[in-house]
Amino acid sequence: MSDRLDMLKQVIDAGSADPFHWYAYAMELRKARKLAEALVAFDEVSARFPDYVPTYLMAGQCAQEGGDLVLAKSWFDRGIQVAAGANDTHALSELHAASAALLV
């Protein structure tokens, strides 16, 4: 693991309740091309912090990179619901575009 991954894992294991730490860990796994592990980490973020809007676009893109377009669409569509509920118009626009671009 990278130093950043190790540091984030330690923070999470110490009981961090900051969604960014969990999200950053998933993003670092994605960056390391550990897509299956990243998707598990994104699942954990969405389970613990279901209103953390950035999770859904990034998880969908991760699934898309791994070739699972059905899973990607599911992430994008869930994110649309969360972003709409949060009145996050920027994220909502990005999620709609990502979902619409998939040929599923």
Side-chain angles (χ1 to χ4, degrees):
M1 266 201 251
S2 73
D3 289 341
R4 184 163 166 81
L5 265 174
D6 288 337
M7 183 271 303
L8 288 165
K9 183 68 171 140
Q10 288 174 4
V11 169
I12 289 167
D13 288 346
S16 174
D18 183 342
F20 180 76
H21 292 140
W22 295 78
Y23 170 78
Y25 181 71
M27 291 296 291
E28 284 296 314
L29 288 168
R30 178 183 174 200
K31 180 178 164 187
R33 304 299 301 157
K34 297 179 180 185
L35 301 180
E37 290 177 57
L39 286 168
V40 169
F42 282 123
D43 277 333
E44 187 70 23
V45 178
S46 70
R48 289 179 178 270
F49 312 101
D51 296 330
Y52 196 68
V53 177
T55 304
Y56 300 92
L57 180 63
M58 295 300 113
Q61 289 176 346
C62 184
Q64 190 174 8
E65 288 168 17
D68 191 338
L69 302 185
V70 172
L71 181 59
K73 181 146 180 56
S74 173
W75 276 108
F76 295 147
D77 291 347
R78 285 173 36 206
I80 288 167
Q81 298 299 316
V82 173
N87 200 29
D88 185 336
T89 56
H90 178 74
L92 192 57
S93 173
E94 289 183 321
L95 286 156
H96 272 297
S99 182
L102 289 176
L103 301 175
V104 177

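- Looking at heavy atoms from C-beta onward, E44 lies out of side-chain contact with Y25 at the 4.5 angstrom threshold.
- The two residues L29 and A41 have their closest heavy-atom pair at CD1-CB, 3.9 Å.
- The line from NZ of K31 to CD of E28 is 4.5 Å long, rounded to the nearest 0.5 Å.
- Residue A24 comes nearest to R4 through the heavy atom pair CB-NH2, 4.1 Å, listed as atom of the first residue, atom of the second, then distance.
- Following chains of ILVMFWY side-chain contacts shorter than 4.5 Å, one cannot reach V40 starting from M58, and the two form parts of different hydrophobic clusters.
- A salt bridge links E65 to R33: at least one charged side-chain nitrogen sits closer than 4.0 Å to a carboxylate oxygen.
- Nearest approach of V45 to Y23, heavy atoms of both residues: CG2-N, 3.7 Å.
- Using cut-offs of 30° and 60° on the angle between ring planes, the pair W75 and F42 is perpendicular.
- Heavy-atom minimum distance, G60 versus A72: O-CB, 3.3 Å.
- A distance of 8.5 Å separates CZ in R48 from CD1 in I12, rounded to the nearest 0.5 Å.
- Once rounded to the nearest 0.5 Å, the distance linking CG of L57 with SG of C62 reads 11.5 Å.
- At least one donor-acceptor pair under 3.5 Å links the side chain of Y56 to the backbone N or O of P50.
- The two residues H21 and S16 have their closest heavy-atom pair at ND1-OG, 2.6 Å.
- In this structure, L69 CG and S74 OG are separated by 12.5 Å, a value rounded to the nearest 0.5 Å.
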Item to check | Test side-chain contact (heavy atoms from CB on, under 4.5 Å) applied to L39 and L71, step by step | outcome: CA-CA 10 Å; L39 286 168; L71 181 59; 4.0 Å; yes
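- When all heavy atoms of A17 and F49 are compared, the pair lying nearest together is O-CE2, 3.4 Å.
- Annotation: the span from H96 atom NE2 to D77 atom CG amounts to 9.0 Å, rounded to 0.5 Å.
- Under the 4.5 Å side-chain contact rule for hydrophobic residues, F76 and L35 do not share a cluster.
- Rounding to the nearest 0.5 Å gives a distance of 13.0 Å between CZ of R78 and OG of S99.
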